[in-house]
Amino acid sequence: MAIEQQIKQKVVQALKELYGADLELEKVPLEITRKDQKGDFTVVVFPLLKLSRKKPEETASEMGSFLKDQLPAIASFNVIKGFLNLELSHDYWLSVLETISEKETYGFKPVADDAPLVMIEYSSPNTNKPLHLGHIRNNLLGYSLSRIAHANGNKVVKTNIVNDRGIHICKSMLAWKKWGEGVTPESTGKKGDHLVGDFYVLFDQNYKKELASLKARGLSEEEAVKESALMAEAREMLLAWEAGDPAVVELWKTMNEWVYKGFDESYKALGVDFDKIYYESQTYKVGREMVLEGLRQERFYRREDGSVWADLSKDGLDEKLLLRSDGTSVYMTQDIGTAKLRYDDFNIDKMVYVVGNEQDYHFKVLSILLDRLGFDWGKSLVHFSYGMVELPHGKMKSREGTVVDADDLIQEMVDTARDMSRELGKLDGYSDEDAARIYRTIALGALKYFILKVDPRKSMTFDPQESIDFNGNTGPFIQYTFARVQSVFRKAKELGLEVTMKVESGLSLTEKENNLLRMLANFPKVVQDASEAFSPALVANYVFDLAKEFNQFYHESPIAYEEDSAVRNMRFALSSVVGRTIRQAMWLLGIDVPERM
RNA sequence: GGUUCGGUAGCUCAGCUGGAUAGAGCAACAGCCUUCUAAGCUGUGGGUCAUGGGUUCGAAUCCCAUCCGGAUCACCA
C-alpha cells in the first residue's frame with residue numbers, strides 16, 4: 001500500500017484512540033512537506049483541533065508520537081506550529097528505489113483487453129491553408145493527451161477531421177483555374193499545402209480588388225459583395241461540386257491530394273500521427289440524415305421557411321440551426337454526422353475534442369444534441385478547450401501577414417539549434433547525419449516543450465525571436481539532463497564497471513538524494529493527475545523540476561566511479577531511474593530525448 | 001449588453017481539492033570549466049498575487065462587487 005494511505009489510516013486511528021474522534025480517511029489533511037522544511041509528509045493539524053480539543057502544538061506532538069510508534073517507515077517528526085512534519089527513514093526510501101528501479105513501466109498502467117476506448121480528435125485543418133502556430137499547439141496538445149490517456153490504461157484512437165469541402169476550397173480552385181492552370185507542386189517546387197494556400201490568398205486579393213472597383217462605381221459594401229462576379233463563380237463551383245460535376249470533383253481531388261501530401265510532411269516533422277482520418281465531404285450528408293431522423297422523432301422542429309432547428313431552451317441555451325432553409329448542412333450538422341460515423345466504426349466510451357476555446361459554445365450544444373440523438377458518450381464528451389497563441393504584437397492575422405507558418409517556424413528552430421550546437425562545439429566529431437538528427441531533436445524539443453508547459457486553457461504569448469530558448473526551463477535543458485544521465489553509464493561501461501541496480505539498505509541519503517527519490521515516487525500520481533486534469537503541462541512542469549533537482553544532485557555529489565561501493569550502486573540506480581522517468585515523461589509529451597547532445 | 005475564460009516579479013510562466021516566509025526560468029549583476037557534458041551550478045537584486053469587501057484559526061486559491069483583457073452570442077466553418 002502507498003505510504004500516504006498508510007499514514008492517513010494511522011492518523012484516523014490516532015484520532016480515535018487519542019481523542020475518541022472519528023474522521024473519514026479522505027479528509028485527512030496530508031501534504032507533501034514544503035521544500036524548505038525538514039520532512040517528507042506533513043499533517044496539517046489545524047482542522048483536527050476541533051476533534052482533539054487541544055492546542056495545535058500539543059495535538060501535533062501527540063499524533064507524531066503515535067504515528068512514529070505505529071509506522072516503522074517514520075524515522076522522526078518535528079512540529080512547527082500546527083504542522084506535523086514526518087520524516088521517513090532512509091531504509092524506506094531505499095526500498096522505494098529498489099522497487100521502482102525494477103519496474104520498467106513504473107507510472108504507466110497496462111492497457112487491459114476490456115479497457116475503455118478513448119477517441120481523441122485533434123488537428124482538424126482546412127485544406128485551403130498551411131498549418132500555422134495555432135495548429136501546432138492543437139496538434140501537440142492532442143498528441144500528448146493521447147499518450148497520457150494510453151499511459152493511464154485506456155485504449156486510444158487518435159483521429160482527425162479534415163475540413164475538405166465548402167466555399168473556401170472553391171476559392172482556391174477557382175484562383176488556380178483562372179491564374180495558375182497547369183501549375184503544380186512539382187513544377188514550382190513548393191509544398192502542396194503552401195501552393196494551394198497561395199491561390200487562396202490570390203483569390204482574396206483579386207476579390208478585394210473587384211470589390212474596390214465596384215465601390216468606386218458607387219456601390220455600397222453590401223451591394224458590391226452581392227455583385228461580385230468572382231464570388232458568384234465560387235458559389236457556382238460549390239454547387240457544381242455538390243452536384244458531382246466530374247471536372248470540378250477531379251480538380252478538387254487533385255488539389256486536395258497536394259494539400260494532404262504537404263500536411264503529411266508537417267505532421268511528420270512535428271512527430272504526430274493519426275489512427276483514423278475523417279473527411280467532412282464524407283460526413284456532412286450523414287449528418288443531414290441524422291438531423292432528418294431526429295426531426296421524424298420530433299426531437300427537432302421545422303420552421304415555415306423549411307429550416308430545421310433544435311430547441312435548447314430547457315438546457316438554458318437558445319435555439320440552434322441544424323439545416324438551412326435550402327436543406328444544406330451547417331457546421332453543427334457535419335459534427336453530428338462525423339460522430340455517427342465514428343460511433344459506427346468504434347466502440348467509443350469517451351470522446352475528446354481538441355478544439356480552440358472560441359468554440360466553447362459549439363461543443364456545449366453538440367454535447368446536448370448528441371445526447372438527445374442517443375450517443376452514450378454525448379453527455380460526457382470532453383471539449384478540450386485551449387487558448388489562442390498570441391504574438392508579442394497581438395493576435396495572428398492572415399490579412400496583416402502576421403501568421404507564423406508551422407513549417408517556417410520548425411525550420412527556423414532547427415537552424416537556430418544547429419548554429420547553437422556549432423557555437424558550443426557540442427557536435428564536433430559527429431557525422432553530419434548524426435549531428436543533424438541531434439539538433440533536430442533539440443529544436444523540436446524546444447518548440448514542443450515551450451508550448452506544452454503552459455496551462456492549455458490560457459492564451460499564451462509566443463515570440464519566435466526571443467521566446468524560444470535552450471537554457472533554463474526548456475526542452476533542451478531536460479534533454480541535456482537525460483543525455484548526462486546516459487553519459488554516466490557510458491563512462492561506467494568505458495571503465496569496465498559492472499552496473500548493478502541492487503540497492504542495499506542501511507545507507508544514509510543526502511538531502512538531494514532524498515528529494516529525488518520523493519519526486520520519483522510521485523511520478524505515477526503525476527501521470528494520473530495529468531490524465532484527470534487533461535494537462536500535459538502538469539507532466540512538463542514535473543519533469544523540469546526533476547531535471548533541475550538531478551542537475552543539482554549531479555553537481556553536488558559526484559559519483560566515485562573507482563570504488564565499487566554500495567553508495568555508488570545506489571547512485572547508479574537513482575540516476576538510472578531518473579533517466580528512465582525523464583524519458584517516460586517526455587514520451588508523454590511527445591518529445592524525443594537524445595542519447596547525447 | 002448576455003454568457004464565458006483569464007489578470008501572480010521588467011518579460012514568459014508554476015502555484016493541486018484553502019495551509020508555513022508566494023516560486024521557477026529569462027533578462028541584470030557577481031562567482032565557478034585539471035573533477036561523470038558549463039545547453040550546467042552557486043549567489044544578489046526584483047511582488048500591494050488587478051481593486052474593494054466577505055467567509056475563518058488561515059485566502060493568490062472559495063464567494064460577491066468593481067476595473068481591465070480575450071472568446072462567444074451567424075441560414076460562416
Side-chain angles (χ1 to χ4, degrees), chain A residues 26 29 31-37 42 44-47 49-50 56 80-83 85 124 126 163 165-168 280 303 305-309 316-318 321-332 334-335 356-362 364 385 387-388 390 392 395 417 420-421 423-424 426 442 446 450 453-455 457-463 466-467 469-481 483-492 494-495 525-526 529 532-533 535 537-538 540-542 544-545 548 551-552 554-556 558-561 571 575 596-597:
Chain A
E26 301 79 47
E31 304 177 356
I32 291 174
T33 304
R34 271 173 64 122
K35 235 180 171 176
D36 52 355
Q37 297 290 331
T42 296
V44 185
V45 300
F46 290 112
L49 300 181
K50 269 179 245 150
I80 295 169
K81 291 189 276 182
F83 299 94
N85 300 319
S124 310
N126 287 342
N163 179 8
R165 66 169 282 277
I167 190 82
H168 49 286
E280 287 193 358
R303 285 191 184 167
D305 62 3
S307 55
V308 177
W309 296 74
L317 305 172
D318 54 10
L321 178 82
L322 297 177
L323 286 178
R324 295 192 187 97
S325 47
D326 64 3
T328 55
S329 303
V330 291
Y331 180 36
M332 189 63 74
Q334 293 174 14
D335 262 351
N357 63 9
E358 71 272 14
Q359 293 188 29
D360 285 354
Y361 185 71
H362 172 82
K364 223 186 212 170
S385 163
M388 309 191 111
E390 284 168 19
K395 268 178 262 173
M420 201 85 116
S421 300
E423 202 178 303
L424 293 169
K426 286 284 180 181
I442 295 166
F450 185 85
K453 75 174 177 187
V454 180
D455 182 339
R457 287 169 307 176
K458 290 180 148 181
S459 53
M460 62 180 293
T461 309
F462 184 91
D463 187 341
E466 296 164 19
S467 286
D469 213 325
F470 296 82
N471 305 311
N473 187 356
T474 64
F477 169 80
I478 298 160
Q479 292 173 319
Y480 172 72
T481 310
R484 289 177 91 170
V485 173
Q486 299 313 299
S487 154
V488 169
F489 293 102
R490 273 199 299 274
K491 170 95 174 182
E494 269 171 36
L495 294 172
K525 191 172 176 333
V526 172
D529 287 352
E532 280 164 17
S535 177
L538 232 49
N541 286 298
Y542 167 83
F544 170 69
D545 287 344
K548 191 172 151 71
N551 263 296
Q552 291 169 356
Y554 193 74
H555 185 262
E556 280 176 19
I559 294 174
Y561 284 93
R571 289 190 179 159
S575 305
R596 54 181 84 199
M597 66 183 271

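Chain letters run A, B, ... following the sequence lines, proteins first, then strands; residues in each count from 1.
In this structure, A:Asn85 reaches the bases: a heavy-atom distance under 4.0 Å links it to at least one base atom across the strands shown. Within 4.0 Å of A:Ala483, counting heavy atoms only, lies at least one base atom of the nucleic acid. Nucleic acid contact for A:Met597: base, since at least one base atom lies under 4.0 Å from a heavy atom of the residue. As judged by a 4.0 angstrom heavy-atom cut-off over every strand, A:Pro56 is placed among residues making no nucleic acid contact. Heavy atoms of A:Phe477 sit under 4.0 angstrom from primed sugar atoms or phosphate atoms, though from no base atom. As judged by a 4.0 angstrom heavy-atom cut-off over every strand, A:Lys426 is placed among the base-contacting residues. Using a 4.0 Å heavy-atom cutoff across all strands shown, A:Gln359 reaches at least one base atom of the nucleic acid. Within the 4.0 angstrom heavy-atom criterion, no nucleotide atom of any strand lies near A:Leu323. Contact annotation for A:Thr328: no contact, since no heavy-atom pair falls under 4.0 Å across all strands. Nucleic acid contact class of A:Val44 (heavy atoms, under 4.0 Å, all strands): base.
Side-chain atoms of A:Lys453 never come within 3.5 Å of backbone atoms of A:Phe544 as a donor-acceptor pair (strictly under, hydrogens ignored).
A gap of 14 Å separates the C1' atoms of B:U61 and B:G7, to the nearest Å. Nucleotides B:U4 and B:G40 place their P atoms 44 Å apart, quoted to the nearest Å. Rounded to whole Å, the separation between the C1' atoms of B:U72 and B:A59 comes to 31 Å. Nucleotides B:A20 and B:G15 are separated by 15 Å at their P atoms, to the nearest Å. Of the C1' atoms belonging to B:U66 and B:A30, the separation is 45 Å, rounded to the nearest Å. Taking atom C1' on both B:G47 and B:C13, the two are 15 Å apart, rounded to the nearest angstrom. With C1' as the reference atom, B:U3 and B:G25 are 36 Å apart, rounded to whole Å. Taking atom P in both B:A60 and B:G54, one finds a spacing of 15 Å when rounded to whole Å.
Across B:U21, B:C41, B:A39, the shortest atom-to-atom separation from the side chain of A:Asn551 is found for B:C41.
Between A:Phe462 and A:Phe450, the distance separating the two ring centers is shorter than 6.0 angstrom.
For A:Thr474 and B:A39, a side-chain-to-base donor-acceptor distance below 3.5 Å is absent, hydrogens and geometry of angles not being considered. For B:A27, the base has no donor-acceptor partner in the side chain of A:Asn471 [N/O atoms by modelled type, under 3.5 angstrom]. Between the side chain of A:Thr42 and the base of B:A20, at least one donor-acceptor pair of N or O atoms lies under 3.5 Å.
Heavy-atom distances to RNA chain B give each of A:His168 and A:Asp455 a nearest nucleotide, and the one nearer the 5′ end belongs to A:Asp455. The residue among A:Phe46 and A:Glu556 whose nearest nucleotide of RNA chain B lies closer to the 5′ end is A:Phe46.
With its glycosidic angle more than 90° from 0, B:C16 is assigned anti.
Residues passing the side chain to side chain contact (heavy atoms under 4.5 Å, CB included) test with A:Arg324 are A:Leu321, A:Asp326, A:Thr328, A:Val330, sequence neighbours excluded.
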task: Could you walk me through whether A:Thr42 and A:Gln37 pass the side-chain contact (heavy atoms from CB on, under 4.5 Å) test, one step at a time?
output: CA-CA 10 Å; A:Thr42 296; A:Gln37 297 290 331; over 6 Å; no
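Atom-to-atom, CG of A:Asn541 to C1' of B:U12 comes out at 12 Å; the value is rounded to the nearest Å. In this entry the distance linking CZ of A:Phe544 with C1' of B:U12 reads 13 Å, nearest Å.
A:Asn163 and A:Arg165 get closest at one heavy-atom pair: OD1-O, 3.2 Å.
With rounding to the nearest 0.5 Å, the separation of NZ in A:Lys364 from CG in A:Leu317 is 6.0 Å.
Side chains of A:Thr474 and A:Asp469: no donor on one and acceptor on the other come within 3.5 Å.
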